[in-house]
Amino acid sequence: MSSVLARNRSLSELEFYKNACEMRGILTRFVMSEKHVPKKYRFVFAIPMTELLKELMCNITAANTIYPINEHEVQMRRDFQTMAIANCEQIFQMMEYMVDTLPIDANSLKQSIELTLKETALLKSWRKTNRVMQDKK
């Protein structure tokens, strides 16, 4: 248990990862539910959405495994972070497509939309922190 008051806590270093995991779980359960996405639309919405979510996590993981020691590695890390941001935009577009096509109430996606917008902001903030790490001797 943390002794720091909740209002005084700052974002965790890996908040973007925790948020992406939560987003992946919520959206996967949403699109795989027949209540929201009928079986006949699985190939149109559910499978592409889960693929986008997997790609998002792969790009975040790839970027996070790079400990940049030169400019090339900084650029590689930025590229993965940029792809993760693009995945968030694609997920957002897929949710809009679902609302436009299926009889889904947009309010049922409110939490997912908020998580996606938060994830985009977190990833953009993370991308700004890139720099070459210097060895301490």
Side-chain angles (χ1 to χ4, degrees):
M1 192 87 188
S2 177
S3 61
V4 179
L5 294 173
R7 70 174 184 266
N8 294 335
R9 291 183 201 144
S10 63
L11 286 177
S12 133
E13 223 177 275
L14 293 176
E15 184 70 23
F16 58 88
Y17 185 81
K18 291 183 342 189
N19 190 72
C21 288
E22 182 181 359
M23 190 171 98
R24 177 180 56 181
I26 289 170
L27 274 169
T28 300
R29 284 187 295 276
F30 184 88
V31 297
M32 295 307 287
S33 167
E34 270 192 66
K35 176 181 156 192
H36 301 292
V37 180
K39 274 189 179 178
K40 67 181 180 179
Y41 288 105
R42 284 259 166 90
F43 289 108
V44 177
F45 296 111
I47 293 171
M49 179 67 85
T50 55
E51 287 301 315
L52 284 171
L53 291 162
K54 283 194 265 184
E55 193 176 320
L56 170 67
M57 293 305 298
C58 286
N59 285 323
I60 289 171
T61 303
N64 200 42
T65 59
I66 298 172
Y67 187 77
I69 57 171
N70 58 45
E71 288 302 321
H72 174 70
E73 289 177 350
V74 168
Q75 190 56 49
M76 284 176 47
R77 185 175 178 151
R78 276 187 68 80
D79 290 344
F80 282 119
Q81 291 166 329
T82 300
M83 288 188 287
I85 292 166
N87 292 140
C88 288
E89 294 299 327
Q90 293 165 336
I91 289 166
F92 189 73
Q93 292 300 317
M94 182 64 79
M95 286 188 280
E96 282 185 346
Y97 182 28
M98 287 173 26
V99 169
D100 291 343
T101 307
L102 299 173
I104 295 176
D105 179 23
N107 288 328
S108 62
L109 281 169
K110 185 178 179 183
Q111 182 184 16
S112 299
I113 291 168
E114 288 171 357
L115 285 172
T116 304
L117 294 173
K118 179 180 177 184
E119 184 65 18
T120 303
L122 289 169
L123 289 170
K124 285 179 179 179
S125 295
W126 180 40
R127 187 174 59 178
K128 287 179 184 176
T129 66
N130 286 334
R131 66 187 182 289
V132 176
M133 302 297 174
Q134 301 296 324
D135 289 334
K136 294 181 181 176
K137 292 183 180 182

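These numbers come from a predicted model, not from an experiment.
- The distance from the CG atom of Asn130 to the CD atom of Gln75 is 9.0 Å, given to the nearest 0.5 Å.
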- Given the rule in the side chain to side chain contact (heavy atoms under 4.5 Å, CB included) test, do Thr61 and Tyr17 qualify, once you have shown the distances and angles that lead to the verdict? CA-CA 8 Å; Thr61 303; Tyr17 185 81; 4.2 Å; yes
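- When all heavy atoms of Ser108 and Asp105 are compared, the closest pair comes out as OG-O, 2.6 Å.
- Residues Met57 and Phe80 do not share a hydrophobic cluster, defined by chaining ILVMFWY side chains whose heavy atoms lie under 4.5 Å apart.
- Asn64 CG to Asn59 CG: the interatomic distance, rounded to the nearest 0.5 Å, is 12.5 Å.
- Taken to the nearest 0.5 Å, the CG atom of Leu115 stands 13.0 Å off from the CZ atom of Arg24.
- A distance of 10.5 Å separates NE2 in His36 from CG in Leu27, rounded to the nearest 0.5 Å.
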Test log, rule side chain to side chain contact (heavy atoms under 4.5 Å, CB included), inputs Gln90 and Met95: CA-CA 9 Å; Gln90 293 165 336; Met95 286 188 280; over 6 Å; no
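- Note on Ile47: it does not cluster hydrophobically with Leu102, by side-chain heavy-atom contacts below 4.5 Å among ILVMFWY residues.
- Note that the CD atom of Glu51 and the CG atom of Asn87 stand 11.0 Å from one another [nearest 0.5 Å].
- To the nearest 0.5 angstrom, Glu89 atom CD is 8.0 Å from Leu117 atom CG.
- One N or O on the side chain of Thr129 and one on the backbone of Trp126 form a donor-acceptor pair closer than 3.5 Å.
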* To do: Let me see the working for Leu123 and Leu56 under side chain to side chain contact (heavy atoms under 4.5 Å, CB included), right down to the final yes or no.
  => CA-CA 11 Å; Leu123 289 170; Leu56 170 67; 4.2 Å; yes
